[in-house]
Amino acid sequence: MRRIHAIALNTFRETIRDRILGAIVLFAVVLIASSLLLGTLSAGQDVKIVKDLGLAAIGAFGAIIAIFVGTSLVSKELNARTVFVVLTKPVSRASFLWGKALGLLATLTVLVVAMGLSYGAILAFMKVPFSIGFVQAAFFVWLELVLLTALTLLFSTFTTPVLAMLYATAIYVIGHNAPTLLQLADQAQGPTRALLKGLYYALPNLATFDLKNQVVYGYVASPAQTGLAALYALAYASALFGVAVFVFSKREF
Amino acid sequence: MKGAWLIGAAAALALAVLSQRGLERVPPPQVDANLLLVPPEALVTGLASGYENLAADGFWLGLLQYYGDRVAIDHHAVNLAPMFKLITRLDPHFEAVYWLGGWALLDNGEPDAAIDLLTSAIASNPEAWQYPYWRGMLRFLGQGDYLEAAKDFKAVQAYPGAPRFAAGLEARMYQTAGHDALALAMWQGLAESAQDKATRAIAQENLQRVKDEIAGKRPRSFRKRPLRS
(Lines give C-alpha, C1' and ligand atoms only; values in the text may rest on other atoms or scores of the structure.)
Protein backbone atom coordinates (compact mmCIF):
# COMPACT_ATOMS: atom_id res chain seq x y z
CA MET A 1 0.00 0.00 0.00
CA ARG A 2 2.81 2.42 0.85
CA ARG A 3 4.39 1.84 -2.55
CA ILE A 4 1.12 2.48 -4.32
CA HIS A 5 0.62 5.58 -2.20
CA ALA A 6 4.10 6.86 -3.04
CA ILE A 7 3.61 6.36 -6.78
CA ALA A 8 0.13 7.89 -6.61
CA LEU A 9 1.40 10.94 -4.72
CA ASN A 10 4.25 11.40 -7.16
CA THR A 11 1.90 11.09 -10.13
CA PHE A 12 -0.49 13.56 -8.54
CA ARG A 13 2.26 16.10 -7.96
CA GLU A 14 3.57 15.69 -11.50
CA THR A 15 0.21 16.05 -13.19
CA ILE A 16 -1.11 18.88 -11.02
CA ARG A 17 2.00 20.92 -11.81
CA ASP A 18 1.69 20.33 -15.53
CA ARG A 19 1.47 23.76 -17.20
CA ILE A 20 -0.75 22.50 -19.98
CA LEU A 21 -3.14 21.17 -17.38
CA GLY A 22 -3.21 24.54 -15.70
CA ALA A 23 -3.93 26.22 -19.01
CA ILE A 24 -6.79 23.84 -19.77
CA VAL A 25 -8.36 24.39 -16.35
CA LEU A 26 -7.95 28.15 -16.61
CA PHE A 27 -9.59 28.03 -20.01
CA ALA A 28 -12.45 26.01 -18.60
CA VAL A 29 -13.00 28.49 -15.75
CA VAL A 30 -12.85 31.45 -18.15
CA LEU A 31 -15.28 29.71 -20.49
CA ILE A 32 -17.71 29.09 -17.68
CA ALA A 33 -17.45 32.73 -16.62
CA SER A 34 -17.83 34.00 -20.18
CA SER A 35 -21.12 32.19 -20.45
CA LEU A 36 -22.45 35.20 -18.54
CA LEU A 37 -21.68 37.32 -21.63
CA LEU A 38 -23.29 34.84 -23.98
CA GLY A 39 -26.37 35.04 -21.87
CA THR A 40 -26.87 38.67 -22.89
CA LEU A 41 -27.39 37.53 -26.49
CA SER A 42 -29.82 34.81 -25.64
CA ALA A 43 -33.14 36.64 -25.39
CA GLY A 44 -33.82 35.78 -21.78
CA GLN A 45 -32.25 32.32 -21.84
CA ASP A 46 -29.08 33.39 -20.01
CA VAL A 47 -29.62 31.08 -17.04
CA LYS A 48 -30.17 28.07 -19.27
CA ILE A 49 -27.08 28.82 -21.35
CA VAL A 50 -24.92 29.29 -18.27
CA LYS A 51 -26.17 25.99 -16.83
CA ASP A 52 -25.63 24.10 -20.10
CA LEU A 53 -22.22 25.60 -20.85
CA GLY A 54 -20.91 25.09 -17.34
CA LEU A 55 -21.80 21.42 -17.17
CA ALA A 56 -20.58 20.81 -20.71
CA ALA A 57 -17.26 22.49 -19.88
CA ILE A 58 -16.76 20.31 -16.80
CA GLY A 59 -17.52 17.17 -18.80
CA ALA A 60 -15.53 18.07 -21.90
CA PHE A 61 -12.45 19.45 -20.18
CA GLY A 62 -12.40 16.62 -17.68
CA ALA A 63 -12.42 14.16 -20.57
CA ILE A 64 -9.71 16.12 -22.43
CA ILE A 65 -7.46 16.05 -19.37
CA ALA A 66 -8.14 12.36 -18.67
CA ILE A 67 -7.30 11.46 -22.25
CA PHE A 68 -4.41 13.88 -22.71
CA VAL A 69 -2.63 13.04 -19.46
CA GLY A 70 -3.72 9.43 -19.12
CA THR A 71 -2.42 8.33 -22.50
CA SER A 72 1.10 9.39 -21.65
CA LEU A 73 1.14 8.13 -18.06
CA VAL A 74 3.15 5.00 -18.77
CA SER A 75 4.84 5.96 -22.02
CA LYS A 76 6.43 9.05 -20.41
CA GLU A 77 8.05 6.83 -17.80
CA LEU A 78 9.14 4.35 -20.46
CA ASN A 79 10.69 7.04 -22.66
CA ALA A 80 12.49 8.64 -19.73
CA ARG A 81 13.55 5.18 -18.55
CA THR A 82 12.42 6.04 -15.04
CA VAL A 83 10.16 3.01 -15.04
CA PHE A 84 13.23 0.78 -14.71
CA VAL A 85 14.23 2.59 -11.55
CA VAL A 86 10.80 1.97 -10.06
CA LEU A 87 10.42 -1.63 -11.14
CA THR A 88 13.85 -2.68 -9.90
CA LYS A 89 12.54 -1.89 -6.46
CA PRO A 90 10.14 -4.44 -4.94
CA VAL A 91 7.23 -2.77 -6.75
CA SER A 92 5.00 -5.00 -8.81
CA ARG A 93 3.79 -3.86 -12.20
CA ALA A 94 0.24 -3.94 -10.86
CA SER A 95 1.21 -1.64 -7.98
CA PHE A 96 2.93 0.68 -10.44
CA LEU A 97 -0.21 0.94 -12.57
CA TRP A 98 -2.39 1.30 -9.50
CA GLY A 99 -0.31 4.19 -8.28
CA LYS A 100 -0.47 5.87 -11.67
CA ALA A 101 -4.23 5.43 -11.91
CA LEU A 102 -4.88 6.69 -8.40
CA GLY A 103 -2.58 9.66 -8.90
CA LEU A 104 -4.36 10.72 -12.07
CA LEU A 105 -7.73 10.14 -10.43
CA ALA A 106 -6.75 12.36 -7.54
CA THR A 107 -5.79 15.08 -10.03
CA LEU A 108 -9.05 14.70 -11.90
CA THR A 109 -11.01 14.85 -8.65
CA VAL A 110 -9.33 18.11 -7.70
CA LEU A 111 -10.04 19.53 -11.16
CA VAL A 112 -13.69 18.47 -11.20
CA VAL A 113 -14.16 19.99 -7.76
CA ALA A 114 -12.40 23.22 -8.82
CA MET A 115 -14.49 23.56 -11.98
CA GLY A 116 -17.62 22.57 -10.11
CA LEU A 117 -17.04 25.24 -7.47
CA SER A 118 -16.48 27.89 -10.19
CA TYR A 119 -19.69 26.76 -11.80
CA GLY A 120 -21.52 26.86 -8.48
CA ALA A 121 -20.20 30.35 -7.78
CA ILE A 122 -21.49 31.63 -11.10
CA LEU A 123 -24.89 30.04 -10.55
CA ALA A 124 -25.03 31.58 -7.09
CA PHE A 125 -24.12 34.97 -8.59
CA MET A 126 -27.04 34.57 -11.00
CA LYS A 127 -29.27 33.63 -8.06
CA VAL A 128 -30.08 30.23 -9.53
CA PRO A 129 -31.57 28.05 -6.76
CA PHE A 130 -29.33 25.23 -5.66
CA SER A 131 -30.28 21.77 -6.87
CA ILE A 132 -28.68 18.50 -5.82
CA GLY A 133 -28.94 17.56 -9.50
CA PHE A 134 -25.94 19.78 -10.30
CA VAL A 135 -23.83 17.98 -7.73
CA GLN A 136 -25.02 14.66 -9.12
CA ALA A 137 -24.13 15.75 -12.65
CA ALA A 138 -20.58 16.57 -11.49
CA PHE A 139 -20.37 13.24 -9.66
CA PHE A 140 -21.48 11.39 -12.78
CA VAL A 141 -18.82 13.26 -14.78
CA TRP A 142 -16.29 12.06 -12.21
CA LEU A 143 -17.51 8.47 -12.64
CA GLU A 144 -17.05 8.83 -16.39
CA LEU A 145 -13.51 10.08 -15.77
CA VAL A 146 -12.80 7.02 -13.59
CA LEU A 147 -13.70 4.86 -16.55
CA LEU A 148 -11.74 7.04 -19.00
CA THR A 149 -8.68 6.90 -16.73
CA ALA A 150 -8.73 3.10 -16.80
CA LEU A 151 -9.23 3.15 -20.56
CA THR A 152 -6.38 5.54 -21.27
CA LEU A 153 -4.13 3.64 -18.87
CA LEU A 154 -4.84 0.44 -20.80
CA PHE A 155 -3.98 2.08 -24.11
CA SER A 156 -0.87 3.68 -22.66
CA THR A 157 0.50 0.24 -21.70
CA PHE A 158 0.86 -1.02 -25.25
CA THR A 159 0.81 1.84 -27.75
CA THR A 160 2.18 5.30 -28.42
CA PRO A 161 0.57 8.36 -26.81
CA VAL A 162 -0.77 9.66 -30.14
CA LEU A 163 -2.49 6.40 -31.03
CA ALA A 164 -3.71 5.96 -27.46
CA MET A 165 -5.28 9.44 -27.65
CA LEU A 166 -6.96 8.55 -30.94
CA TYR A 167 -8.32 5.28 -29.60
CA ALA A 168 -9.53 6.90 -26.40
CA THR A 169 -11.22 9.76 -28.27
CA ALA A 170 -12.91 7.31 -30.63
CA ILE A 171 -14.20 5.24 -27.70
CA TYR A 172 -15.38 8.46 -26.02
CA VAL A 173 -17.48 9.42 -29.05
CA ILE A 174 -18.77 5.87 -29.56
CA GLY A 175 -19.51 5.56 -25.85
CA HIS A 176 -21.72 8.64 -25.91
CA ASN A 177 -23.55 7.21 -28.93
CA ALA A 178 -24.20 3.84 -27.27
CA PRO A 179 -28.00 4.33 -27.22
CA THR A 180 -27.88 4.71 -31.02
CA LEU A 181 -25.98 1.42 -31.21
CA LEU A 182 -28.74 -0.27 -29.23
CA GLN A 183 -31.40 1.22 -31.51
CA LEU A 184 -29.54 -0.12 -34.54
CA ALA A 185 -29.30 -3.54 -32.88
CA ASP A 186 -33.05 -3.56 -32.23
CA GLN A 187 -33.72 -2.82 -35.88
CA ALA A 188 -31.26 -5.40 -37.18
CA GLN A 189 -31.79 -9.14 -37.47
CA GLY A 190 -29.79 -12.32 -37.23
CA PRO A 191 -26.02 -12.21 -36.75
CA THR A 192 -25.89 -8.43 -37.28
CA ARG A 193 -28.24 -7.94 -34.35
CA ALA A 194 -26.13 -10.21 -32.17
CA LEU A 195 -22.96 -8.40 -33.22
CA LEU A 196 -24.38 -4.95 -32.53
CA LYS A 197 -25.78 -6.06 -29.18
CA GLY A 198 -22.41 -7.55 -28.32
CA LEU A 199 -20.69 -4.30 -29.24
CA TYR A 200 -23.20 -2.33 -27.20
CA TYR A 201 -22.38 -4.32 -24.06
CA ALA A 202 -18.68 -4.66 -24.73
CA LEU A 203 -17.99 -0.98 -25.33
CA PRO A 204 -18.33 1.47 -22.43
CA ASN A 205 -21.75 3.10 -22.36
CA LEU A 206 -20.74 6.65 -21.47
CA ALA A 207 -24.28 7.91 -22.00
CA THR A 208 -24.98 6.32 -18.59
CA PHE A 209 -23.07 9.16 -16.94
CA ASP A 210 -24.68 11.91 -18.93
CA LEU A 211 -27.02 13.88 -16.70
CA LYS A 212 -26.12 17.28 -18.12
CA ASN A 213 -29.13 17.62 -20.39
CA GLN A 214 -31.59 16.61 -17.68
CA VAL A 215 -30.42 18.38 -14.53
CA VAL A 216 -30.83 21.82 -16.10
CA TYR A 217 -34.56 21.05 -16.15
CA GLY A 218 -34.65 20.02 -12.50
CA TYR A 219 -34.02 16.28 -12.87
CA VAL A 220 -32.56 14.52 -9.83
CA ALA A 221 -31.20 10.99 -10.19
CA SER A 222 -32.60 8.39 -7.82
CA PRO A 223 -30.28 6.62 -5.35
CA ALA A 224 -30.76 3.45 -7.40
CA GLN A 225 -29.62 5.14 -10.59
CA THR A 226 -26.65 6.74 -8.82
CA GLY A 227 -25.67 3.45 -7.22
CA LEU A 228 -25.94 1.47 -10.44
CA ALA A 229 -23.99 4.07 -12.40
CA ALA A 230 -21.23 4.00 -9.78
CA LEU A 231 -21.19 0.19 -9.84
CA TYR A 232 -21.00 0.17 -13.63
CA ALA A 233 -18.12 2.67 -13.67
CA LEU A 234 -16.14 0.82 -11.00
CA ALA A 235 -16.80 -2.61 -12.47
CA TYR A 236 -15.91 -1.61 -16.02
CA ALA A 237 -12.86 0.34 -14.85
CA SER A 238 -11.72 -2.69 -12.84
CA ALA A 239 -12.08 -4.89 -15.92
CA LEU A 240 -10.04 -2.44 -18.00
CA PHE A 241 -7.46 -2.18 -15.26
CA GLY A 242 -7.17 -5.96 -15.07
CA VAL A 243 -6.46 -6.12 -18.79
CA ALA A 244 -3.97 -3.26 -18.44
CA VAL A 245 -2.09 -5.12 -15.69
CA PHE A 246 -2.08 -8.29 -17.82
CA VAL A 247 -0.73 -6.45 -20.89
CA PHE A 248 1.85 -4.52 -18.88
CA SER A 249 3.05 -7.63 -17.10
CA LYS A 250 3.71 -9.33 -20.43
CA ARG A 251 5.48 -6.34 -21.88
CA GLU A 252 9.22 -6.51 -22.24
CA PHE A 253 11.32 -3.38 -22.21
CA MET B 1 26.10 34.45 -44.95
CA LYS B 2 23.80 35.32 -42.03
CA GLY B 3 23.09 38.64 -43.72
CA ALA B 4 21.92 36.82 -46.85
CA TRP B 5 19.29 34.98 -44.78
CA LEU B 6 17.99 38.25 -43.41
CA ILE B 7 17.81 39.78 -46.86
CA GLY B 8 15.98 36.72 -48.10
CA ALA B 9 13.55 36.92 -45.17
CA ALA B 10 12.87 40.60 -45.86
CA ALA B 11 12.23 39.83 -49.53
CA ALA B 12 9.83 37.03 -48.59
CA LEU B 13 8.00 39.38 -46.22
CA ALA B 14 7.73 42.01 -48.94
CA LEU B 15 6.27 39.36 -51.26
CA ALA B 16 3.77 38.38 -48.56
CA VAL B 17 2.66 42.01 -48.16
CA LEU B 18 2.28 42.41 -51.94
CA SER B 19 0.19 39.23 -52.07
CA GLN B 20 -1.99 40.57 -49.28
CA ARG B 21 -2.53 43.83 -51.18
CA GLY B 22 -3.51 41.81 -54.25
CA LEU B 23 -5.96 39.72 -52.25
CA GLU B 24 -7.61 42.85 -50.90
CA ARG B 25 -8.60 43.76 -54.48
CA VAL B 26 -10.29 40.38 -55.06
CA PRO B 27 -14.04 40.88 -54.58
CA PRO B 28 -15.42 38.89 -51.64
CA PRO B 29 -17.62 35.87 -52.44
CA GLN B 30 -21.31 36.72 -52.75
CA VAL B 31 -23.17 35.06 -49.92
CA ASP B 32 -26.89 35.12 -49.59
CA ALA B 33 -27.15 36.94 -46.28
CA ASN B 34 -30.80 36.06 -46.07
CA LEU B 35 -30.00 32.38 -45.75
CA LEU B 36 -29.91 30.48 -42.51
CA LEU B 37 -27.75 27.42 -43.04
CA VAL B 38 -29.11 24.36 -41.29
CA PRO B 39 -26.70 21.40 -40.97
CA PRO B 40 -28.02 17.85 -41.40
CA GLU B 41 -29.79 16.74 -38.26
CA ALA B 42 -28.21 13.27 -38.21
CA LEU B 43 -24.73 14.78 -38.36
CA VAL B 44 -25.39 17.25 -35.59
CA THR B 45 -27.07 14.77 -33.25
CA GLY B 46 -24.28 12.26 -33.86
CA LEU B 47 -21.49 14.75 -33.17
CA ALA B 48 -23.24 16.40 -30.27
CA SER B 49 -23.83 13.19 -28.32
CA GLY B 50 -23.90 14.10 -24.67
CA TYR B 51 -23.78 17.82 -25.49
CA GLU B 52 -27.14 18.20 -27.17
CA ASN B 53 -28.26 21.03 -24.88
CA LEU B 54 -25.12 23.01 -25.59
CA ALA B 55 -25.50 22.46 -29.32
CA ALA B 56 -29.12 23.61 -29.09
CA ASP B 57 -27.98 26.74 -27.21
CA GLY B 58 -25.41 27.47 -29.91
CA PHE B 59 -27.95 27.17 -32.71
CA TRP B 60 -30.39 29.26 -30.67
CA LEU B 61 -27.90 32.11 -30.37
CA GLY B 62 -27.21 31.94 -34.10
CA LEU B 63 -30.91 31.88 -34.89
CA LEU B 64 -31.54 34.94 -32.73
CA GLN B 65 -28.83 36.92 -34.54
CA TYR B 66 -30.27 35.89 -37.92
CA TYR B 67 -33.84 36.58 -36.91
CA GLY B 68 -33.02 39.93 -35.39
CA ASP B 69 -30.90 41.03 -38.35
CA ARG B 70 -32.78 39.74 -41.36
CA VAL B 71 -36.39 39.26 -40.49
CA ALA B 72 -36.80 42.63 -38.81
CA ILE B 73 -35.60 44.23 -42.07
CA ASP B 74 -36.91 41.89 -44.78
CA HIS B 75 -39.88 40.37 -42.92
CA HIS B 76 -38.96 37.05 -44.46
CA ALA B 77 -36.61 34.23 -43.54
CA VAL B 78 -35.44 31.07 -45.24
CA ASN B 79 -34.95 27.73 -43.48
CA LEU B 80 -36.61 28.94 -40.32
CA ALA B 81 -38.73 25.81 -39.79
CA PRO B 82 -35.83 23.33 -40.23
CA MET B 83 -33.73 25.31 -37.75
CA PHE B 84 -36.45 25.38 -35.11
CA LYS B 85 -36.98 21.68 -35.68
CA LEU B 86 -33.25 20.96 -35.29
CA ILE B 87 -32.98 22.92 -32.05
CA THR B 88 -36.01 21.21 -30.53
CA ARG B 89 -34.74 17.80 -31.61
CA LEU B 90 -31.50 18.52 -29.76
CA ASP B 91 -33.28 19.91 -26.71
CA PRO B 92 -36.98 18.96 -26.64
CA HIS B 93 -37.56 20.92 -23.42
CA PHE B 94 -36.27 24.26 -24.70
CA GLU B 95 -39.40 26.28 -24.01
CA ALA B 96 -38.34 29.60 -25.50
CA VAL B 97 -37.71 27.98 -28.88
CA TYR B 98 -41.26 26.70 -29.11
CA TRP B 99 -42.65 30.07 -28.04
CA LEU B 100 -40.58 32.10 -30.52
CA GLY B 101 -40.83 29.41 -33.19
CA GLY B 102 -44.60 29.33 -33.20
CA TRP B 103 -44.98 33.09 -33.64
CA ALA B 104 -41.97 33.50 -35.93
CA LEU B 105 -43.17 30.81 -38.32
CA LEU B 106 -46.66 32.29 -38.30
CA ASP B 107 -45.18 35.71 -39.11
CA ASN B 108 -43.11 34.11 -41.84
CA GLY B 109 -46.23 32.77 -43.57
CA GLU B 110 -45.74 29.18 -42.38
CA PRO B 111 -48.70 28.49 -40.08
CA ASP B 112 -48.64 24.73 -40.68
CA ALA B 113 -44.99 24.55 -39.66
CA ALA B 114 -45.85 26.57 -36.55
CA ILE B 115 -48.59 24.10 -35.61
CA ASP B 116 -46.26 21.13 -36.29
CA LEU B 117 -43.64 22.67 -34.01
CA LEU B 118 -46.10 23.07 -31.16
CA THR B 119 -47.47 19.56 -31.76
CA SER B 120 -43.97 18.17 -31.31
CA ALA B 121 -43.66 20.29 -28.15
CA ILE B 122 -46.79 18.68 -26.74
CA ALA B 123 -45.46 15.20 -27.51
CA SER B 124 -42.09 15.91 -25.89
CA ASN B 125 -43.47 17.73 -22.84
CA PRO B 126 -46.62 15.88 -21.79
CA GLU B 127 -46.97 17.73 -18.48
CA ALA B 128 -46.64 21.29 -19.75
CA TRP B 129 -49.98 23.05 -20.31
CA GLN B 130 -48.49 26.02 -22.14
CA TYR B 131 -47.83 24.11 -25.35
CA PRO B 132 -51.46 23.17 -26.16
CA TYR B 133 -52.36 26.68 -25.02
CA TRP B 134 -49.92 28.27 -27.49
CA ARG B 135 -51.07 25.92 -30.23
CA GLY B 136 -54.62 26.98 -29.54
CA MET B 137 -53.62 30.65 -29.77
CA LEU B 138 -51.82 29.99 -33.08
CA ARG B 139 -54.89 28.25 -34.44
CA PHE B 140 -57.09 31.08 -33.24
CA LEU B 141 -55.00 34.03 -34.37
CA GLY B 142 -53.05 32.49 -37.20
CA GLN B 143 -55.38 30.07 -38.92
CA GLY B 144 -58.82 31.20 -37.77
CA ASP B 145 -59.52 27.54 -36.95
CA TYR B 146 -61.70 28.26 -33.91
CA LEU B 147 -62.95 24.74 -33.37
CA GLU B 148 -59.47 23.23 -33.35
CA ALA B 149 -58.38 26.05 -31.05
CA ALA B 150 -61.30 25.20 -28.77
CA LYS B 151 -60.08 21.58 -28.64
CA ASP B 152 -56.64 22.77 -27.58
CA PHE B 153 -58.04 25.03 -24.85
CA LYS B 154 -60.19 22.13 -23.69
CA ALA B 155 -57.09 19.93 -23.56
CA VAL B 156 -55.26 22.55 -21.48
CA GLN B 157 -57.83 22.19 -18.70
CA ALA B 158 -56.83 18.55 -18.16
CA TYR B 159 -53.25 19.46 -17.24
CA PRO B 160 -52.29 19.77 -13.58
CA GLY B 161 -51.82 23.39 -12.63
CA ALA B 162 -53.55 24.65 -15.77
CA PRO B 163 -54.85 28.23 -15.59
CA ARG B 164 -58.57 28.74 -15.03
CA PHE B 165 -58.91 31.08 -18.00
CA ALA B 166 -58.57 28.11 -20.40
CA ALA B 167 -62.25 27.27 -19.97
CA GLY B 168 -63.19 30.85 -20.82
CA LEU B 169 -61.01 30.69 -23.93
CA GLU B 170 -62.71 27.48 -25.02
CA ALA B 171 -66.09 29.07 -24.62
CA ARG B 172 -64.92 32.14 -26.53
CA MET B 173 -63.80 29.95 -29.44
CA TYR B 174 -67.23 28.32 -29.70
CA GLN B 175 -68.78 31.77 -29.53
CA THR B 176 -66.45 33.15 -32.24
CA ALA B 177 -67.14 30.14 -34.46
CA GLY B 178 -70.87 30.67 -34.14
CA HIS B 179 -71.51 27.45 -32.14
CA ASP B 180 -74.13 29.08 -29.94
CA ALA B 181 -75.35 26.04 -28.04
CA LEU B 182 -71.86 25.05 -26.94
CA ALA B 183 -70.95 28.63 -26.10
CA LEU B 184 -74.09 29.08 -24.02
CA ALA B 185 -73.52 25.84 -22.16
CA MET B 186 -69.91 26.67 -21.39
CA TRP B 187 -70.53 30.22 -20.22
CA GLN B 188 -73.44 29.03 -18.09
CA GLY B 189 -71.27 26.36 -16.52
CA LEU B 190 -68.48 28.84 -15.88
CA ALA B 191 -70.81 31.36 -14.30
CA GLU B 192 -72.19 28.70 -11.95
CA SER B 193 -68.83 27.19 -11.01
CA ALA B 194 -66.82 30.41 -10.74
CA GLN B 195 -65.02 30.71 -7.42
CA ASP B 196 -64.47 34.46 -7.53
CA LYS B 197 -66.55 37.49 -8.45
CA ALA B 198 -64.38 38.61 -11.36
CA THR B 199 -64.62 35.26 -13.17
CA ARG B 200 -68.35 35.06 -12.52
CA ALA B 201 -68.82 38.58 -13.88
CA ILE B 202 -66.87 37.79 -17.07
CA ALA B 203 -68.82 34.56 -17.58
CA GLN B 204 -72.15 36.28 -17.06
CA GLU B 205 -71.20 39.12 -19.38
CA ASN B 206 -70.24 36.72 -22.15
CA LEU B 207 -73.34 34.60 -21.53
CA GLN B 208 -75.48 37.67 -22.02
CA ARG B 209 -73.49 38.67 -25.13
CA VAL B 210 -74.16 35.27 -26.76
CA LYS B 211 -77.86 35.52 -25.91
CA ASP B 212 -77.98 39.01 -27.41
CA GLU B 213 -76.22 37.80 -30.58
CA ILE B 214 -78.70 34.92 -30.95
CA ALA B 215 -81.58 37.31 -30.43
CA GLY B 216 -80.10 39.69 -33.00
CA LYS B 217 -79.72 42.48 -30.46
CA ARG B 218 -76.02 42.84 -31.29
CA PRO B 219 -73.84 41.92 -34.27
CA ARG B 220 -71.99 38.63 -34.34
CA SER B 221 -68.47 38.78 -32.92
CA PHE B 222 -66.94 35.96 -34.97
CA ARG B 223 -64.39 36.70 -37.64
CA LYS B 224 -64.61 35.46 -41.20
CA ARG B 225 -60.85 35.27 -41.61
CA PRO B 226 -57.86 35.00 -39.30
CA LEU B 227 -56.05 38.05 -38.06
CA ARG B 228 -52.89 36.97 -39.83
CA SER B 229 -53.28 35.72 -43.42
Side-chain angles (χ1 to χ4, degrees), chain A residues 31-32 34-35 37-64 137 140-141 144 148 169-184 203-219, chain B residues 36 40-72 77 80 83-84 86-104 107 121 124-131 134 160-161:
Chain A
L31 188 66
I32 293 171
S34 67
S35 61
L37 293 171
L38 278 177
T40 58
L41 298 171
S42 63
Q45 300 305 299
D46 48 345
V47 172
K48 182 190 182 302
I49 286 180
V50 167
K51 285 183 190 176
D52 287 339
L53 189 54
L55 287 174
I58 295 171
F61 286 109
I64 288 170
F140 273 54
V141 165
E144 184 181 11
L148 277 178
T169 307
I171 300 277
Y172 180 78
V173 173
I174 294 170
H176 275 284
N177 277 291
T180 309
L181 203 56
L182 187 64
Q183 278 172 19
L184 284 171
L203 293 169
N205 184 354
L206 299 180
T208 306
F209 310 109
D210 198 0
L211 283 193
K212 298 189 285 300
N213 297 337
Q214 289 84 35
V215 298
V216 294
Y217 292 110
Y219 178 76
Chain B
L36 181 64
E41 189 182 309
L43 178 67
V44 174
T45 49
L47 288 174
S49 282
Y51 298 89
E52 288 88 350
N53 274 22
L54 190 66
D57 291 342
F59 285 118
W60 167 250
L61 290 173
L63 174 68
L64 286 175
Q65 302 311 305
Y66 172 76
Y67 193 70
D69 272 349
R70 303 307 312 171
V71 177
L80 214 53
M83 181 55 91
F84 279 116
L86 174 65
I87 298 175
T88 52
R89 278 288 170 90
L90 288 167
D91 187 354
H93 309 296
F94 202 157
E95 187 179 324
V97 178
Y98 293 117
W99 181 85
L100 177 69
W103 297 112
D107 241 4
S124 303
N125 301 273
E127 292 181 4
W129 62 263
Q130 59 267 39
Y131 299 119
W134 290 341

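Only a predicted model underlies this, so the values are computations on that prediction, with no experimental measurement involved. Sequence lines set the chain letters: A, B, ... in the order given, protein chains first and strands last, and positions in each chain run from 1.
- For A/K48, the parts lying under 4.5 angstrom from a heavy atom of chain B are both the backbone and the side chain.
- Side chains of A/Q45 and B/D57 form no contact here, defined as non-hydrogen atoms less than 4.5 Å apart.
- Side-chain atoms of A/T180 and B/T45, non-hydrogen and from C-beta on, never get closer than 4.5 Å to each other.
- Nearest heavy-atom pair across A/A43 and B/L64 is CB-CD1, 3.7 Å.
- Residues satisfying the ring pair (Phe, Tyr, Trp, His ring centres under 6.0 Å) criterion with A/Y172, sequence neighbours excluded, are A/H176.
- Under the ring pair (Phe, Tyr, Trp, His ring centres under 6.0 Å) criterion, B/F84 pairs with no residue at all, not counting sequence neighbours.
- Applying the side chain to side chain contact (heavy atoms under 4.5 Å, CB included) rule to B/E95 yields the partners B/Q130, B/Y131, B/W134; only residues at least two apart in sequence or on another chain are considered.
- Contacts of residues 52-64 of chain A with chain B at a heavy-atom distance below 4.5 Å involve A/D52, A/L53, A/A56, A/G59, A/A60, listed in sequence order.
- B/D91 and A/Y217 share a side-chain donor-acceptor pair at under 3.5 Å.
- Put simply, the side chain of A/K212 gets close to the backbone of B/G50: a donor and an acceptor are under 3.5 Å apart.
- Per-residue counts of heavy-atom pairs under 4.5 Å with chain B were compared for A/N213, A/D210, A/N177; the largest is that of A/N213.
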